[in-house]
Amino acid sequence: MWTLKHDPTLYGHGWIYSKPIEQISPSGEMIKFETCWWFPVKPTKKQLRQARKNKLH
């Protein structure tokens, strides 16, 4: 589930749009990490949709 949260500590300010992901490595270990995008101002719905589809430039 994608979440949008304001982070005043990151680069002085900004918005983080992130999604936790779990993958299993070839050796069988569970790897947890987050896919995230950073925005200096609150993103629009269009920007969030592009981020989910990994089409941000």
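Here the structure is a predicted model, which means the values were calculated and not measured.
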message: Below 30° counts as parallel, above 60° as perpendicular, anything between as tilted: where do the rings of W15 and H6 land?
response: perpendicular
- prompt: Do I31 and I24 share a hydrophobic cluster, counting only Ile, Leu, Val, Met, Phe, Trp and Tyr and linking them when any side-chain heavy atoms are less than 4.5 Å apart?
  reply: no
message: Looking at every heavy atom in both W38 and I16, which two are closest together, and how far apart are they?
response: CD1-CD1, 3.7 Å
Shortest non-hydrogen contact from W37 toward A51: NE1-O, 3.0 Å
message: As a test of understanding, state which of Q47, R52, K5 forms a side-chain hydrogen bond (donor to acceptor under 3.5 Å, both in side chains) with Y17.
response: R52
- prompt: Under the salt bridge (charged side-chain N to carboxylate O under 4.0 Å, His left out) test, which residues partner K32, sequence neighbours left out?
  reply: E22
- request: Could I get the full list of salt bridge (charged side-chain N to carboxylate O under 4.0 Å, His left out) partners for E34, not counting sequence neighbours?
  value: none
message: I'd like to check the side chain to side chain donor-acceptor pair (under 3.5 Å) partners of E29; sequence neighbours left out, ordered by chain and number.
response: S27
query: About how many Å separate NZ of K19 and CZ of F33, when rounded to the nearest 0.5 Å?
result: 10.0 Å
